[in-house]
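The chains referred to below are lettered A, B, ... by the order of the sequence lines, with proteins before strands, and numbering in each begins at 1. Atom set for the values below is all heavy atoms of this structure, side chains included, hydrogens, waters and symmetry mates excluded. Note that the structure is predicted; figures quoted are calculated from it, not measured.
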Protein chains: 2
Amino acid sequence: MTEMHKILDGENETKINIFRVAAKLFAEKGYNGVSMREISEMSKVSKPTIYYYFGSKEGVFKELVNFGLHYGSAQAKQIAALDIPVKQRLVKIIQSRFRISFEHPDFSKFFLMVFVTSENLPFLDEFKKQANIHRQLLVDLIQEGVDSGEFGAGANPQLASEIIGAVMGHFIGKQLKIKKKFLTSDLAEEIVELLFKGLNE
Amino acid sequence: MTEMHKILDGENETKINIFRVAAKLFAEKGYNGVSMREISEMSKVSKPTIYYYFGSKEGVFKELVNFGLHYGSAQAKQIAALDIPVKQRLVKIIQSRFRISFEHPDFSKFFLMVFVTSENLPFLDEFKKQANIHRQLLVDLIQEGVDSGEFGAGANPQLASEIIGAVMGHFIGKQLKIKKKFLTSDLAEEIVELLFKGLNE
DNA sequence: TTTCCTCTACCTACCGGTAAGTAATCAGCG
DNA sequence: CGCTGATTACTTACCGGTAGGTAGAGGAAA
């Protein structure tokens, strides 16, 4: 049983299957690009079965979002609390994200899509709030590095965290588009290294 | 007459209006989230008028993409050819992008959406090819900086250009979501400065 | 017998796209 | 100059098809 199944445990097998299929389809074609008929055909159940479990198309989508919110934030929080240099924690957080995107490409792709198009969907306010809380985690982490003297005093935590977030998102997005694996632990280190040292060195 | 109108010159006023409305709607809701009825109502023409000018929904979208490709690449190429330090050219390219996104938010939003969306539309292969050519411009620029000794020899041009591209996209996307202007020329400098010096300083 | 799950059959609203027609402009000819 | 036939720039009315969603029946398990 995968880690993901643990979270989804207690749920009906049919429901989990619909869940996975929907994640994949939404990730590929966006919310409006996917029809309930499509989901039902690919999960080999009838349309009303999906309505029985999720209530509506929006319901399927929201449940997927909540799952991702729950699944993704736990690990980052854990790493942020470790007693190692901030820089190493940053590397670990990025590595963790890279790993998740490799182990669950469909869900990751879905979630990245939600991130990127969140303004388009009118029912994602709760998601936006959660995403901001999660972003703040990075800001606090870098602030900690500045306060402790690990980073230069001139570093702007707000700006730096946005840059790290953007870069992380970019590489995960790139990985999810191609087949060949390039998102290694080493790359995570290289990225952090480059952001620390800058292009000058 | 704006710069944009110059490019669209020779085109009928009605067509330009449909063009603008479509850009805004597509940017807000994605390709599949917008209907031809919606475009026609907002541009105050009948639906067949849109078909008269663009042939199909896909036609509207593609023409928008081609316009953006043409409009966006010209300035970057010009800047890349200037006889000033690479770092300054990078700043200028980012500033130029910031300015475009400020002057034409609807078109920029549309274009960013096309770049970033995972609503992966089956008719955008040509666009992807063009986008890659454009990406290469940044790689070459940084390579030039490494060759001339302006950047450290250890800098990885491929990685660095991806990071710069990702960060640029992130900030433009952020600006387009909020009303208050924060995408200044100074911020462009600050970003490049941070990427050069790194968090260490 | 009730509860849970899943189905077939169907709804209304809207989709992208088109057929057919028309008002206005314009070029060329007598 | 006035007439004519073509062209441009649109319109109304409609098409077949598909969207999200539902009513209600059937079957299995308890």
Side-chain angles (χ1 to χ4, degrees), chain A residues 5 8-66 110 113-114 117 120-124, chain B residues 5 8-66 110 113-114 117-124:
Chain A
H5 266 81
L8 292 171
D9 207 21
E11 302 284 5
N12 183 299
E13 199 56 48
T14 307
K15 182 175 179 180
I16 295 177
N17 186 41
I18 296 169
F19 208 64
R20 307 183 76 106
V21 167
K24 183 167 187 172
L25 285 173
F26 281 136
E28 273 167 13
K29 315 207 236 177
Y31 183 76
N32 287 303
V34 177
S35 69
M36 294 301 263
R37 181 183 51 79
E38 226 173 329
I39 299 174
S40 86
E41 277 170 11
M42 288 204 62
S43 23
K44 276 159 186 145
V45 294
S46 68
K47 217 153 45 102
T49 300
I50 303 175
Y51 282 89
Y52 175 76
Y53 284 112
F54 298 94
S56 66
K57 185 182 181 183
E58 208 175 297
V60 179
F61 198 83
K62 277 180 176 168
E63 199 151 322
L64 239 10
V65 168
N66 288 336
F110 170 82
M113 184 269 289
V114 173
T117 62
N120 305 337
L121 286 333
F123 47 83
L124 287 181
Chain B
H5 266 81
L8 291 171
D9 206 22
E11 302 283 5
N12 183 299
E13 199 55 49
T14 307
K15 181 174 180 181
I16 294 177
N17 187 42
I18 296 169
F19 208 64
R20 307 183 77 108
V21 168
K24 184 169 188 171
L25 285 174
F26 281 137
E28 274 167 12
K29 314 209 235 177
Y31 182 77
N32 288 303
V34 177
S35 71
M36 294 300 263
R37 182 185 52 80
E38 227 174 329
I39 298 174
S40 84
E41 276 170 12
M42 288 203 61
S43 17
K44 278 158 184 147
V45 295
S46 66
K47 205 153 52 99
T49 299
I50 304 173
Y51 283 89
Y52 176 76
Y53 283 113
F54 298 94
S56 65
K57 186 182 181 184
E58 207 175 297
V60 179
F61 198 84
K62 278 180 176 168
E63 200 152 322
L64 239 11
V65 168
N66 287 336
F110 169 80
M113 183 270 289
V114 174
T117 196
S118 44
E119 185 178 28
N120 93 44
L121 304 166
F123 49 83
L124 288 181

For residues 49-65 of chain B, which residues have at least one heavy atom under 4.0 Å from DNA chain C? B:Tyr51, B:Ser56, B:Lys57
From CZ of A:Arg37 over to P of C:dA13, roughly how many Å is that when rounded to an integer? 21 Å
Does the side-chain contact (heavy atoms from CB on, under 4.5 Å) test come out yes or no for B:Lys29 and B:Glu38, once each step is laid out? CA-CA 11 Å; B:Lys29 314 209 235 177; B:Glu38 227 174 329; 2.3 Å; yes
Answer with base, sugar-phosphate or nothing: what part of the nucleic acid does B:Ser35 contact at a heavy-atom distance below 4.0 Å? sugar-phosphate
Quick one: side chains of residues 43-51 of chain B, donor-acceptor pairs under 3.5 Å with protein atoms, not counting sequence neighbours, listed by atom name and distance.
unit_1: B:Ser43; atom_1: OG; unit_2: B:Ile39; atom_2: O; d: 2.3
unit_1: B:Ser46; atom_1: OG; unit_2: B:Thr49; atom_2: OG1; d: 3.1

Calculate the interatomic distance between B:Asn32 atom CG and C:dC14 atom P; express it in whole Å. 18 Å
Between A:Leu25 and A:Phe110, does the side-chain contact (heavy atoms from CB on, under 4.5 Å) criterion hold? Intermediate values first, please. CA-CA 8 Å; A:Leu25 285 173; A:Phe110 170 82; over 6 Å; no
In terms of heavy-atom contacts, does NZ of A:Lys15 have more than 12 from other residues, nucleotides or ligands at under 6.0 Å? yes
Rounded to the nearest 0.5 angstrom, the OH-OG1 distance for B:Tyr53 and B:Thr14 is 4.5 Å
In Å and rounded to the nearest 0.5 Å, what is the OH to CD1 distance from A:Tyr52 to A:Ile18? 11.0 Å
Would you mind reading off the distance between A:Glu13 atom CD and C:dT6 atom P, rounded to a whole angstrom? 11 Å
Round to a whole Å and report the spacing from CD of A:Glu41 to P of C:dC7. 13 Å
Could you tell me how the ring of B:Phe54 sits relative to the ring of B:Phe19: parallel (under 30°), tilted (30 to 60°) or perpendicular (over 60°)? parallel
Nucleotide range of DNA chain D contacted by chain B, 5' to 3', under 4.0 Å to a heavy atom? D:dT8 to D:dT12
Should the pair A:Lys57 and A:Phe26 be classed as cation-pi, given the thresholds of under 6.0 Å to the six-membered ring centre and 45° from the axis? no
